[in-house]
Protein chains: 2
Amino acid sequence: MKVLIVDDDRTLADVIAFTFKREGFEVILAEDGELAYQKWETEHPDLIILDVNIPKEDGFSICKRIREQSDTPIILLTVRSDEEDILGGFQLGADDYITKPFSPRQLMARVRAVLRRSKKKNPTTVRQVGNISLNLNRHELSFDNQQPIQLSGLELRLMDCLMINAGQIVTSEIIIDHVWGPQGGDMDMVRQLVHRLRLKVEKDSQAAINNVPGLGYELIYKK
Amino acid sequence: MKVLIVDDDRTLADVIAFTFKREGFEVILAEDGELAYQKWETEHPDLIILDVNIPKEDGFSICKRIREQSDTPIILLTVRSDEEDILGGFQLGADDYITKPFSPRQLMARVRAVLRRSKKKNPTTVRQVGNISLNLNRHELSFDNQQPIQLSGLELRLMDCLMINAGQIVTSEIIIDHVWGPQGGDMDMVRQLVHRLRLKVEKDSQAAINNVPGLGYELIYKK
DNA sequence: GAAAATTGTCACAACTTTGTCACACCCCCA
DNA sequence: TGGGGGTGTGACAAAGTTGTGACAATTTTC
């Protein structure tokens, strides 16, 4: 397995590199944002250890750029910092973060957790459930190949979540995770989004989003 | 989804509980190690938030005991402490840890990550007694695989209790404990709930809830 | 930079569930 | 026969959950 370590603190980078090598990883180093992005492009690492404060282009920006194109696991390194930075990292697509100082053992524990968690997803372009078609690229929903309805970003995610779990009651926890990911959300947000999606889904009674009190929502569709 | 929150700091526990409820979780509280273990046994939470420093039996010990019997995800809460404690927690089977103080948002971000990582399938739990099927996930009651009847939260618990003890007379003490737990209940509440469940159970004379004066209730069903 | 679209927050309406209380009904005993 | 205890039923208030709309905040588009 390949790991890309991005840190301008050469001593620290070497310590981390040594730790990874000892665990059998192949290590690639970069000391600034530009080089990091270039190395990612050419080396295709399985994991990126990315310091937030690096020259030329900061870690957050790199994280975002890479995440837009790939689901390579990314662990951010930060100094003890305020929470906005950390949550911002999650929003930009980071998988975990570690605050300095930290020990090699702790780093490896987190690395294992992240790698265990990371899955290569098969990008599905069009999801089909009964009479419902969801085009994930075009953000379009249609019934029996009728006129497509445009969905917003979050509406698309919710519909996707409901279709993946079609015929089952989906708890709000699963919805929040699927739609909002690590930054999370709350019941108000779920409710509002369900309301909006319902207006589109139930427009011609082609399908419905049903609530089971105390449990969650279920997609009702025609077979 | 159910979360068990274990912390003797009642204020903090309430804040955490509020955060989880807002995210749609069902919350169970315990303020010491003994109660925590008991709650884990009876409530089968999907996640445990476990403070390390709690009375009666410390968090590490509880973590270990639970991990030996289950893969329920466990997040440890610690004061800023040395690394040995943290890694010790991982070794005892914790899935993550959070150092106090922390914000609700950070907590939920970690919860999300842990739950995503935990590949616990949601097995459909169906209790079967004679002609009666009780789907504990969907809160549905059905007879001979006929059209399901939706049950409310408490109705489901009562039905579950009666089915577990099918063919026996269940005292109101057992019912109260099973349905309402430690907060308890009274005979009025039992009577009203039995009345409501009876309306659903006895609708087509497929089953019955029988009272034995002075003793309790018994589920009558077809073999 | 402005306009449009989307998302989040909040208030309140609407609906469902639960708890409380009153009273009816039944059985048993003095 | 009257009273007490136990159980069943219904009404309604209280509590909890979900739906809806308005508008502010944020993001996206041109």
Side-chain angles (χ1 to χ4, degrees), chain A residues 64 68 84 87-88 91-92 138-141 149-159 162 169-173 175-176 178-181 183-203 208-218 220, chain B residues 1 17-27 104-105 108 139-141 149-159 169-173 175-176 178-181 183-203 208-218 220:
Chain A
K64 185 183 180 215
E68 281 166 354
E84 285 302 323
L87 290 174
Q91 256 180 323
L92 293 173
R138 300 178 62 94
H139 288 206
E140 285 174 352
L141 170 70
I149 299 163
Q150 200 69 27
L151 297 186
S152 74
L154 293 190
E155 288 163 0
L156 181 78
R157 289 195 202 165
L158 175 58
M159 193 66 202
L162 292 174
I169 300 169
V170 192
T171 66
S172 42
E173 196 278 329
I175 290 175
I176 288 171
H178 191 109
V179 173
W180 286 282
Q183 72 179 90
D186 61 33
M187 285 301 304
D188 265 342
M189 291 157 72
V190 173
R191 250 193 327 259
Q192 182 63 206
L193 184 59
V194 166
H195 176 57
R196 279 197 224 108
L197 183 60
R198 256 194 186 120
L199 293 179
K200 295 181 180 181
V201 165
E202 303 184 353
K203 203 172 91 175
I209 301 176
N210 196 40
N211 169 260
V212 182
L215 286 181
Y217 296 95
E218 177 180 11
I220 308 293
Chain B
M1 294 196 79
F18 177 74
T19 301
F20 274 99
K21 279 175 187 165
R22 228 179 33 172
E23 298 265 337
F25 282 77
E26 181 182 342
V27 170
R105 287 169 70 195
M108 293 318 297
H139 289 201
E140 285 175 349
L141 171 70
I149 299 163
Q150 196 72 31
L151 298 185
S152 73
L154 293 190
E155 289 164 359
L156 181 81
R157 289 193 196 173
L158 176 57
M159 193 67 202
I169 299 168
V170 193
T171 67
S172 37
E173 285 76 34
I175 290 175
I176 288 171
H178 189 110
V179 172
W180 286 282
Q183 76 179 79
D186 60 34
M187 281 304 306
D188 264 345
M189 291 158 71
V190 173
R191 242 187 341 251
Q192 181 62 209
L193 184 59
V194 166
H195 175 58
R196 278 198 222 107
L197 184 60
R198 257 194 186 120
L199 293 180
K200 296 182 178 180
V201 165
E202 304 183 352
K203 201 172 94 175
I209 301 175
N210 197 39
N211 170 260
V212 181
L215 287 184
Y217 296 95
E218 177 184 6
I220 309 294

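All chains are named by letter (A, B, ...) in the order of the sequence lines, taking the proteins before the strands, and each is independently numbered beginning at 1. All values reported here derive from a predicted model rather than from experimental measurement.
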Using a cut-off of 4.0 Å on non-hydrogen atoms, how would the nucleic acid contact of A:V179 be classed: base, sugar-phosphate, or nothing? nothing
dist A:L151:CG -> A:R196:CZ (nearest 0.5 Å) comes out at 12.0 Å
Spacing of A:M189 atom CE relative to D:dG19 atom P, expressed in whole Å: 17 Å
Check whether any side-chain N or O of A:S152 sits under 4.0 Å from OP1 or OP2 of C:dT7, and answer yes or no. yes
With distance as the sole test, does A:R198 use its side chain to make a donor-acceptor pair with the main-chain N or O of A:I209 at under 3.5 Å? yes
When you measure from the side-chain N and O atoms of A:H195 to the phosphate of D:dT20, is any distance below 4.0 Å, counting only OP1 and OP2? yes
Interatomic distance where CG belongs to B:L193 and C1' belongs to D:dG8 [whole Å]: 14 Å
Just how far, in rounded Å, is P of C:dG8 from CE of A:M187? 14 Å
Any A:R191 side-chain N or O less than 4.0 Å from OP1/OP2 of D:dT17: no
Can you tell me the distance, in whole Å, between the CG atom of A:L151 and the P atom of C:dT7? 10 Å
base_contact_polar (D:dG8 base, B:R196 side chain, donor-acceptor, <3.5 Å): no
Indicate, with a heavy-atom threshold strictly under 4.0 Å, whether A:N211 touches base, sugar-phosphate, or nothing. sugar-phosphate
Hey, does the side chain of B:R157 reach the backbone of B:W180 with a donor-acceptor pair shorter than 3.5 angstrom? no
When the distance from CD of A:E202 to P of D:dT20 is rounded to whole Å, what number comes out? 8 Å
Answer with base, sugar-phosphate or nothing: what part of the nucleic acid does A:G214 contact at a heavy-atom distance below 4.0 Å? sugar-phosphate
Which comes earlier along DNA chain C counting from the 5' end, the contact point of B:E155 or that of A:E155, where each point is its nearest nucleotide? A:E155
Using only modelled atom types and a 3.5 angstrom limit, is any donor from either the side chain of A:Q192 or the base of D:dG21 paired with an acceptor on the other? yes
B:E202 to B:A208 - nearest heavy-atom pair and separation: OE2-CA, 3.5 Å
What's the CD1-C1' distance between A:I175 and C:dT7, to the nearest Å? 17 Å
Which listed nucleotide (D:dT7, C:dT7, C:dT16) is nearest to the side chain of A:P213? C:dT16
In whole angstroms, how far is the P atom of D:dT17 from the CD atom of B:Q150? 16 Å
Side-chain N,O (A:Y217) to OP1/OP2 (D:dG19) below 4.0 Å: yes
Using every non-hydrogen atom in the two residues, find where B:I149 and B:K200 come nearest and quote the distance to one decimal. CD1-O, 3.7 Å
Of the candidate nucleotides C:dG19, C:dG8, C:dC21, which contains the atom at the shortest distance from the side chain of B:D188? C:dC21
Atom pair distance, as rounded to whole Å: CZ in B:R157 and P in C:dG19: 10 Å
Roughly how far, to the nearest 0.5 Å, is the CG atom of A:L193 from the CD atom of A:E155? 6.5 Å
Determine: side-chain N/O of A:W180 to OP1/OP2 of C:dG8, distance under 4.0 Å, yes or no. yes
